[in-house]
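Only heavy atoms go into these numbers, but all of them, side chains included; no hydrogens, no water, no symmetry mates. A quick note: this is a predicted structure, and the numbers were derived from the prediction, not measured. Numbers restart at 1 for each chain; the letters A, B, ... are given by sequence-line order, proteins then strands.
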2 protein chains.
Amino acid sequence: MGVIDRKEREKVEMKRQILDAARSLFLEQGFEKTSIRNIAEVIEYSAGTIYLYFKDKNEILFALHVESFSVLMQAMQAGIMGETDPFERLISLGKHYLKYAFENPELYDLMFVMTAPMETLECREEIWCDGERAFETLKFVVSDCMKAGYFKDAENETISVMVWSLVHGLATLHLRRRTMIFPETKRIKLLEDAYVQFIEILKTYKK
Amino acid sequence: MGVIDRKEREKVEMKRQILDAARSLFLEQGFEKTSIRNIAEVIEYSAGTIYLYFKDKNEILFALHVESFSVLMQAMQAGIMGETDPFERLISLGKHYLKYAFENPELYDLMFVMTAPMETLECREEIWCDGERAFETLKFVVSDCMKAGYFKDAENETISVMVWSLVHGLATLHLRRRTMIFPETKRIKLLEDAYVQFIEILKTYKK
DNA sequence: TGCTTTTCTGAACACCGTTCATTTTATTTG
DNA sequence: CAAATAAAATGAACGGTGTTCAGAAAAGCA
């Protein structure tokens, strides 16, 4: 029967509609202020229908989180491919990561700050594969840097966590409004400078 | 009239009761799951009464945020006073900051991650003084390090933002469950190693 | 066409933050 | 002390939330 195939397609299509509506509402008015009823209204279905396609609101967040990772991964890959020198690759990787965070604040939040998507994973007893893949990419680049003599003989994973923490820290301090203490016009510059400075210091730590 | 003095004391006392109840509920079951009605129940008043002492829920969060900063500032001061060498002070400052974050995850969240307290400030058109004071402390220590020849001739503020971002990144990646990708037994060690490694790299960046 | 299965709805539930008329309590005045 | 006034506390109500589920509507099959 081609019917069940079509039904399957329709189910996927409906999930798409829900996610598209959810994403657009989230980006427009934030997560907190977006309700299931809002999403239902946009796709012109009743609120109850949403629950035939997603277990709960967290599962919608989680699905968007997965989507967003594929975009970030592309950006990161672009960052790597644009350079040949290992250390330049690391610099570019970080820049692309930060660029993604600043250009997609709500999505970055979903991927690396909100606890809701992690709760979905935990109750499914699954692993955070998307995060792991992104981190593996970083480790890969760090590994090449080490082969080129950078980072003396530190542990790859230690260096990678350090780099990740730094860029994540820069991103979240800003996205969660803690750069309020700096003049508005200088905030971005200060964060960029801090990143450049960090890279500069890293560069000098060679064998 | 001694009456209005007493009334004033009673008002302060009531605010204390509310904040104590709120803090204990928050630490116990998180912010999201604590309602005004919950708080009211603990102090054995009706929910409406809370609003005679605090404008809204955000203002309660903000008050706790202020409280928490005074504890963090003490911890940071202790970190500085425990050492005499400028660079050792910086190391200790960071350690105490991280210790506070890991020992008081909910409060750290309130101080540096949640947007609610910042919104209270923004609609009051005030400055985030508490954050500023903490950052000034860091800048002070960095300044002493620079006088001792560290950080070549980088900008104090740039270095300070970098250090803050790194420790904040370490803290939030963990508190918001993004260290799930590492084996549970090694998470803390990895974060500590990353901090030590960062310090080690910083140390070598001298004039 | 009638029967079954799938899909969808919308009312209901138990919450939430917040407001406000009303009642209770405390203070001041005659 | 009693009456009048002022302050504090209540609890119902409002409009919202996520979520569930009996019953209605639509689709697929005989």
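Screening residues 15-36 of chain B for ring pair (Phe, Tyr, Trp, His ring centres under 6.0 Å), with sequence neighbours left out, gives B:F26-B:F31.
As rounded to whole Å, 12 Å separates atom C1' of C:dT25 from atom CD of B:E10. In this entry the distance linking NZ of A:K11 with C1' of C:dT6 reads 10 Å, nearest Å. For B:E44 and D:dG11, the CD to P distance is 13 Å, given to the nearest whole Å. The CG-P distance, from B:L52 to C:dT19, rounds to 11 Å in whole Å. When the P atom of D:dA8 is taken as reference, atom CD of B:E13 falls 15 Å away, rounded to whole Å. For the pair A:I60 CD1 and D:dT19 C1', the interatomic distance rounds to 12 Å; values are reported in whole Å. One atom, CD1 of B:I50, and another, P of D:dA8, lie 15 Å apart when rounded to the nearest Å. The separation between A:K55 atom NZ and D:dT20 atom P is 8 Å, rounded to whole Å.
Here CD1 of A:I39 is found 11.5 Å from CG of A:D20. Values are rounded to the nearest 0.5 Å.
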(request) For B:F87 and B:Y150, run ring pair (Phe, Tyr, Trp, His ring centres under 6.0 Å): C-alpha distance rounded to whole Å, both residues' side-chain angles, the deciding distance at 0.1 Å, then the answer. (result) CA-CA 8 Å; B:F87 200 80; B:Y150 290 95; 4.5 Å; yes
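With C:dG17, D:dT19, D:dA8 as the choices, the nucleotide that has an atom nearest any side-chain atom of A:D56 turns out to be D:dT19.
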Donor-acceptor pairs under 3.5 angstrom involving side-chain atoms of residues 62-78 of chain A: please list them, not counting sequence neighbours.
unit_1: A:H65; atom_1: NE2; unit_2: A:W128; atom_2: NE1; d: 3.1
unit_1: A:E67; atom_1: OE1; unit_2: A:R23; atom_2: NE; d: 3.2
unit_1: A:E67; atom_1: OE1; unit_2: A:R23; atom_2: NH2; d: 2.9
unit_1: A:E67; atom_1: OE2; unit_2: A:R16; atom_2: NH2; d: 2.4
unit_1: A:E67; atom_1: OE2; unit_2: A:R23; atom_2: NH2; d: 3.4
unit_1: A:S68; atom_1: OG; unit_2: A:L64; atom_2: O; d: 2.7
unit_1: A:S70; atom_1: OG; unit_2: A:E67; atom_2: O; d: 3.1

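Within the 4.0 angstrom heavy-atom criterion, only backbone atoms of the sugar-phosphate kind lie near B:Y53; the bases stay farther away.
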(request) Any chance you could list the contact pattern along nucleotides 10-16 of chain C? Use B for base contacts, S for sugar-phosphate-only contacts and - for none, protein heavy atoms under 4.0 Å, 5' to 3'. (result) B-B---B
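No more than 12 heavy-atom neighbours from other residues, nucleotides or ligands sit within 6.0 angstrom of CD1 on A:I127.
Among B:F135, B:F102, B:F112, the single residue meeting the ring-ring contact (aromatic ring centres under 6.0 Å, His included) criterion with B:Y97 is B:F112.
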